[in-house]
Protein chains: 2
Amino acid sequence: MSYSYTHPHPAVTTDIVLFTIRDHRLEVLLIRRGSDPFKDSWALPGGFINIDEDLAACALRELEEETGVAGVYLEQLYTFGTPGRDPRERVISVAYYALVPPDRISIRAASDAKEVAWFKLDKLPPLAFDHESIVAMAHKRLSAKLNYSTIALQFMPEKFTLSELQQVYESILGEKLDKRNFRKRVLTLDCIRDIGESRRNGNHRPARLYAVKSPGTVEFIR
Amino acid sequence: MSYSYTHPHPAVTTDIVLFTIRDHRLEVLLIRRGSDPFKDSWALPGGFINIDEDLAACALRELEEETGVAGVYLEQLYTFGTPGRDPRERVISVAYYALVPPDRISIRAASDAKEVAWFKLDKLPPLAFDHESIVAMAHKRLSAKLNYSTIALQFMPEKFTLSELQQVYESILGEKLDKRNFRKRVLTLDCIRDIGESRRNGNHRPARLYAVKSPGTVEFIR
DNA sequence: GCAAAAGTGTTCTAGGTACACCCATGT
DNA sequence: ACATGGGTGTACCTAGAACACTTTTGC
């Protein structure tokens, strides 16, 4: 089967920077490529768009096919199209970033990915193509968005403590926050609610549990 | 000549929302389409990418070819790729927005554009494709960016008064600003300088003239 | 002298930052 | 009793908002 056009067409892909937070550290999901180019290199999940497929749907499908991950929060990041960024042919990649709570994921390698793994953001291996700059831009966008939206709640499981939420902010921003100021701020946002339960986490006072009021939605603040 | 691929490839275009400000009103540059689809409709300038051309270069080239406008400030906006947005074939459009001072432009129709004209943003004609939503998103981005960058300076000619700059902000935001607070704010940004000249604009006191310190660069503030 | 836009400071308010101690639990 | 993280309130500071009169020019 072959498809012909009167003018040359670039290939279009989506690439996804999937973030989660584990052990108080921001992590990115990578696949080890099973075929050339960059065979055996680590890369972002992603791939070629189907001819009748929406861009975001393509990103979700590739993520599911290559890693088994579904049900994430997804947002378009930027479109990367420098000629030569893929040695095979002209490839324009619409990059997305996605967030998932660490308890909502069971990854598996599939499709043309030999292997799937989470990497600490500050300990990434060398990446294929221009994927390092895609990851860098995604992290920058995510950090910026913490300050004017409730996007961080997308990392939270169904029930969580305020300390856990604070650790999420600290992991992304890479700095310690003041406990009292942090709690005052997130509680006045009125986006999480005290569910009246508590959880024992060690040899100390149990922590109150909270839940996101509108899961799946990200609101702008300030 | 024909180009064949083993998998179908979408076409890739760029579309450009070029803004300027004239008579204290935000305006958008449109072309009247000379060919189908949407023949005779107004649309954003833009067109198909060349196979070895960078995305931003494509946007600048299309703008130049179709309207004669060059030397603008350009920024990637969003990528629109809903299947069916172009009736001919699958087209993915990387949208850009651009800003130009009103004195830096001489428009002319060329290429497949029959006609080129500026329209007040609040009096746009019906647009081809999904160009209305592209314009809406560009305006939203521009408004947001006024609050955390010096992007408005891209609209200013070489010499301008503080009142003129204020009118630019007011046109984009669609609201009146306080003169004293506005002046205090832009002067503390330290991005424009008093060039020691003044200009008479009518039967009243002449206004001091200012110039942008670093033309062509947009800084983040706050 | 009158019309018209240019230019200029102070007060108030709200949101952000800095900061230290008691509480509930397990061992 | 002690170690550990959970939970709480106040004072300060700074940036943004509100607000009115004098100046310089042309006619």
Side-chain angles (χ1 to χ4, degrees), chain A residues 21 23-24 143-150 152 156-157 159-171 173-211 219-222, chain B residues 21 23-24 143-150 152 156-157 159-171 173-211 219-222:
Chain A
I21 295 195
D23 303 328
H24 313 172
S143 302
K145 224 152 174 172
L146 280 198
N147 295 311
Y148 63 89
S149 81
T150 59
M156 305 317 289
K159 303 173 177 186
F160 56 92
T161 70
L162 288 182
S163 294
E164 286 164 357
L165 181 58
Q166 182 171 347
Q167 281 152 6
V168 166
Y169 275 79
E170 290 174 343
S171 319
L173 296 173
E175 60 182 346
K176 290 285 168 194
L177 301 175
D178 178 87
K179 201 202 314 187
R180 279 168 296 187
N181 293 339
F182 178 79
R183 286 166 184 239
K184 199 192 313 172
R185 183 144 150 60
V186 299
L187 290 175
T188 57
L189 289 182
D190 197 38
C191 284
I192 59 177
R193 63 165 210 282
D194 185 339
I195 59 173
E197 300 173 35
S198 58
R199 179 201 290 156
R200 293 181 199 156
N201 250 336
N203 307 347
H204 53 81
R205 178 174 177 173
R208 292 189 157 189
L209 290 175
Y210 291 79
E219 289 172 31
F220 291 87
I221 54 182
R222 278 197 239 191
Chain B
I21 295 195
D23 304 327
H24 312 175
S143 303
K145 218 145 179 176
L146 279 199
N147 294 311
Y148 63 88
S149 80
T150 59
M156 304 318 290
K159 303 173 177 187
F160 56 92
T161 71
L162 288 182
S163 294
E164 285 164 356
L165 182 58
Q166 182 172 346
Q167 282 153 4
V168 166
Y169 274 80
E170 289 173 344
S171 319
L173 297 173
E175 59 181 348
K176 291 284 170 198
L177 300 176
D178 178 86
K179 201 203 311 188
R180 281 170 292 187
N181 292 338
F182 178 80
R183 286 166 183 239
K184 200 190 314 173
R185 184 146 148 58
V186 299
L187 290 176
T188 57
L189 288 182
D190 197 38
C191 284
I192 60 176
R193 62 164 211 284
D194 185 339
I195 60 172
E197 299 173 37
S198 59
R199 178 200 292 156
R200 292 181 200 155
N201 251 335
N203 306 347
H204 53 81
R205 176 173 179 173
R208 292 189 158 190
L209 290 174
Y210 291 80
E219 288 172 31
F220 292 88
I221 55 183
R222 278 196 240 190

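On a predicted model such as this, the values are computed, not experimentally measured, just so you know. Residue numbers start from 1 in every chain, and the chains themselves are labelled A, B, ... in the order their sequence lines are given, proteins ahead of strands.
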Separation of [X] atom [atom1] from [N] atom [atom2], in whole Å?
X      : N      : atom1 : atom2 : value
A/K179 : D/dG5  : NZ    : P     : 10 Å
B/Q167 : C/dA6  : CD    : C1'   : 12 Å
B/L209 : C/dA6  : CG    : C1'   : 12 Å
A/L177 : D/dG5  : CG    : P     : 18 Å
A/I221 : C/dG16 : CD1   : C1'   : 13 Å
A/D194 : D/dG7  : CG    : C1'   : 12 Å
A/Y210 : D/dG6  : OH    : P     : 12 Å
B/D178 : C/dT10 : CG    : C1'   : 13 Å

Q: Hey, could you give me each pair passing ring-ring contact (aromatic ring centres under 6.0 Å, His included) that has a residue in residues 179-209 of chain A? Not counting sequence neighbours.
A: A/Y169-A/F182
Q: Give one of base, sugar-phosphate or nothing for A/N201, where a contact means two heavy atoms less than 4.0 Å apart.
A: nothing
Q | Touch class at under 4.0 angstrom, heavy-atom based, for B/R183 against every strand present | A | base
Mind listing the N/O atom pairs, protein and nucleotides 10-14 of chain D, below 3.5 Å?
unit_1	atom_1	unit_2	atom_2	d
D/dT10	O4	A/K184	NZ	3.1

Measure the shortest side-chain to side-chain distance between [X] and [Y] over non-hydrogen atoms and say whether it is less than 4.5 angstrom.
X      : Y      : answer
A/I221 : A/R185 : yes
B/L162 : B/I192 : yes
B/T161 : B/R199 : yes

Q: Could you tell me whether the side chains of B/S163 and B/R183 share a donor-acceptor contact shorter than 3.5 Å?
A: yes
Q | Gap between atom CG of B/L146 and atom CD of B/E170 - 0.5 Å precision | A | 11.5 Å
Q: Can you measure from NZ (A/K179) to NZ (A/K176) and round to the nearest 0.5 angstrom?
A: 11.5 Å
Q) What are the two closest non-hydrogen atoms of B/S143 and B/L173, and how far apart are they? A) O-CD2, 4.0 Å
Q. Closest heavy-atom contact between B/C191 and B/E219?
A. SG-OE1, 4.0 Å
(Q) If you assign each of A/A207 and A/R180 to its closest nucleotide in DNA chain D, which residue comes earlier from the 5' end? (A) A/A207
Q: Answer yes or no: does a side-chain N or O of B/S163 lie under 4.0 Å from OP1 or OP2 of C/dA5?
A: no
Taking only nitrogen or oxygen atoms into account, show me every contact under 3.5 Å that the protein makes with nucleotides 25-27 of chain D, one pair per line with its distance.
unit_1	atom_1	unit_2	atom_2	d
D/dT25	O2	B/N203	O	3.1
D/dT25	O2	B/H204	N	3.3
D/dG26	O3'	B/N203	OD1	3.1

